[in-house]
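Down below is the structure, laid out as structure tokens.
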There are 2 protein chains.
Amino acid sequence: MNNYTQMLRNHNLKATPQRLAIVDMLYMHGHMSIDALYEVMIKKFSSISLATIYKNINLMLENTFIQEVKLPNYKSVYELTKESHSHTICEKCGKINDIILDLNAIVNTVSTLKNFEISKADLVLSGVCKNCV
Amino acid sequence: MNNYTQMLRNHNLKATPQRLAIVDMLYMHGHMSIDALYEVMIKKFSSISLATIYKNINLMLENTFIQEVKLPNYKSVYELTKESHSHTICEKCGKINDIILDLNAIVNTVSTLKNFEISKADLVLSGVCKNCV
DNA sequence: GTTTAAAGGATAAAAATTATCTATAATCTT
DNA sequence: AAGATTATAGATAATTTTTATCCTTTAAAC
């Protein structure tokens, strides 16, 4: 039994082949839209329903097994939950990357300045990656 | 002729009453979803079509007269284009606020570290505002 | 005022997402 | 390991969201 099986069960999710494949795809690709996910899944499960993709994505979101990443000008993508991080997106090639940044200074500033208790900071940096300049 | 009339024309948009009202609503409310906008607009223009809202929002986006703000767990909201800024959103009351933060340190770090030319930084801070603690 | 080009409203169409229902498969119990 | 239990997959319909079309009206230019 691989580790995703157990991880899914720990989140009260049955480890179905479809689900394991979704998790596997997200792990391999890093970030995927619903469409992209359906496209790769249909290759493995020729009769998979789009509803199954949606249902599973929503369930996994509720169980914080995965996270939604909202991007300017693009559709949302989904990724496995991991250490808190930010994202870069290349406006030329569309490549999305994780990047771990220390946002403590900013978070602290806002907390004290505005009396706003921050629980989460979502940062997306848009631009041009080194391969596209 | 008020200033929005001229501003719309500068963006090659005819200054129709509906458009002026949309701009006015965005100015007054700061951030509005499509639904919220339609709700207030129907009060002024009892026969306005939802399509008109969508068409205008999309046109104004293309002309960068307004900006879309994508928020975790919420629908997108729209705001008049102004000086670059970040957002806070209260998880209790849903209130969205603008906040001007200096992200230069972070932007520079990423630029040099990852060779990524940043053109835009979208930051949303989720948490609890001072009124909701 | 007349012309013209764009925009509004009504509506249909398309796209995206969610709900329903039944057979099946995963997990639990023994 | 076999049977009982429960959640899930798939098919499909329904709903929601967004866009397109078509014709009439209106803003802006002359």
Side-chain angles (χ1 to χ4, degrees), chain A residues 1-25 32-63 65-66 68-78, chain B residues 1-25 32-63 65-66 68-78:
Chain A
M1 175 163 66
N2 62 53
N3 31 0
Y4 287 132
T5 300
Q6 198 50 56
M7 282 173 72
L8 281 167
R9 286 185 190 157
N10 291 345
H11 287 77
N12 300 311
L13 299 170
K14 282 189 182 176
T16 65
Q18 291 86 343
R19 242 168 227 174
L20 287 168
I22 289 176
V23 174
D24 212 45
M25 285 301 120
M32 298 183 87
S33 67
I34 294 284
D35 292 346
L37 195 49
Y38 183 61
E39 238 180 81
V40 298
M41 289 295 288
I42 197 88
K43 288 178 186 164
K44 290 201 170 193
F45 303 86
S46 57
S47 72
I48 198 170
S49 170
L50 188 52
T52 299
I53 307 286
Y54 276 107
K55 276 186 290 190
N56 280 317
I57 288 294
N58 286 333
L59 266 176
M60 291 183 190
L61 280 173
E62 284 167 29
N63 289 283
F65 194 81
I66 63 172
E68 180 176 6
V69 184
K70 293 194 176 185
L71 303 163
N73 303 125
Y74 286 84
K75 289 193 183 178
S76 286
V77 294
Y78 302 87
Chain B
M1 177 163 64
N2 63 52
N3 31 0
Y4 287 132
T5 301
Q6 197 50 57
M7 282 174 72
L8 282 167
R9 286 184 190 160
N10 291 344
H11 286 78
N12 300 312
L13 298 170
K14 282 190 181 176
T16 65
Q18 291 88 342
R19 246 169 223 174
L20 286 167
I22 289 177
V23 175
D24 212 46
M25 287 302 120
M32 299 182 86
S33 67
I34 295 283
D35 291 346
L37 195 50
Y38 183 59
E39 239 179 80
V40 297
M41 289 294 288
I42 197 89
K43 288 178 186 164
K44 289 200 169 194
F45 304 86
S46 57
S47 72
I48 198 171
S49 170
L50 187 53
T52 299
I53 307 286
Y54 275 107
K55 276 186 289 191
N56 280 316
I57 288 294
N58 285 334
L59 266 176
M60 291 182 190
L61 280 173
E62 282 168 30
N63 288 282
F65 193 81
I66 64 172
E68 180 175 5
V69 184
K70 293 194 175 184
L71 303 162
N73 303 124
Y74 286 85
K75 290 194 182 176
S76 286
V77 294
Y78 302 88

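Below, each value reflects all heavy atoms present in this structure, side chains not excepted, and no hydrogens, waters or symmetry copies. Convention: sequence-line order gives letters A, B, ...; per-chain numbering from 1.
With distances taken from any side-chain atom of B:Ser49 to the nucleotides C:dA7, C:dT18, C:dG9, the minimum falls on C:dG9. Which of D:dA9, D:dA28, C:dA7 sits closest to the side chain of B:Leu59 comes down to C:dA7. Nearest to the side-chain atoms of B:Arg19 among the listed nucleotides D:dT18, C:dA26, C:dG8 stands C:dG8. Closest to the side chain of A:Lys55, from the set D:dA11, D:dA28, C:dA16, is D:dA11.
Residue B:Leu50 is the one, among B:Leu13 and B:Leu50, whose nearest nucleotide of DNA chain D lies closer to the 5' end (criterion: closest heavy atom). Both A:Asn12 and B:Asn58 sit near DNA chain D, but only A:Asn12 has its closest nucleotide nearer the 5' end. Between B:Ser47 and A:Lys14, the residue anchored closer to the 5' end of DNA chain C is B:Ser47, taking for each the nucleotide with the nearest heavy atom.
As judged by a 4.0 angstrom heavy-atom cut-off over every strand, A:Ile34 is placed among residues making no nucleic acid contact. Counting any heavy atom pair closer than 4.0 Å across all strands shown, A:Thr16 reaches sugar-phosphate atoms only and no base atom. Among the protein residues, B:Ala51 comes within range of the nucleic acid bases, having at least one heavy atom under 4.0 Å from a base atom.
In this structure, the side chains of A:Leu37 and A:Tyr78 stay at 4.5 Å or more apart for every pair of heavy atoms.
We find that OH of B:Tyr4 is positioned 21 Å from C1' of D:dA27, with the value rounded to whole Å. Separating the CG atom of A:Leu37 from the C1' atom of C:dT17 is a distance of 15 Å, rounded to the nearest angstrom. Computed from coordinates, the B:Ile22 CD1 to C:dA7 P distance equals 12 Å when rounded to whole Å. Here D:dT17 presents its P atom at 13 Å from OH of A:Tyr54, a figure rounded to the nearest Å. Taking atom CD1 on B:Ile48 and atom P on C:dA10, their separation rounds to 10 Å, with Å as the unit. The CE atom of A:Met60 sits 13 Å away from the C1' atom of D:dA9 (whole-angstrom rounding). Nucleotide C:dT24 holds its P atom 14 Å from the CD atom of A:Gln18, rounded to whole Å. What separates OH of A:Tyr38 from P of C:dA15 is a distance of 15 Å, to the nearest Å.
Applying the side chain to side chain donor-acceptor pair (under 3.5 Å) test between B:Arg19 and each of B:Asn56, B:Asp24, B:Thr5 identifies B:Asn56 as the sole match.
For the residue pair B:Glu62 and B:Asn58, no side-chain donor N or O sits within less than 3.5 Å of a side-chain acceptor on the partner.
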Problem - Worked verdict on B:Leu50 versus B:Ile34 for side chain to side chain contact (heavy atoms under 4.5 Å, CB included) - result: CA-CA 9 Å; B:Leu50 187 53; B:Ile34 295 283; 4.2 Å; yes
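Atom CE of A:Met32 is separated from atom CD of A:Glu39 by 8.5 Å, given to the nearest 0.5 angstrom.
Regarding contacts with the backbone of C:dG8, a side-chain N or O of B:Asn56 is found under 4.0 angstrom from either OP1 or OP2.
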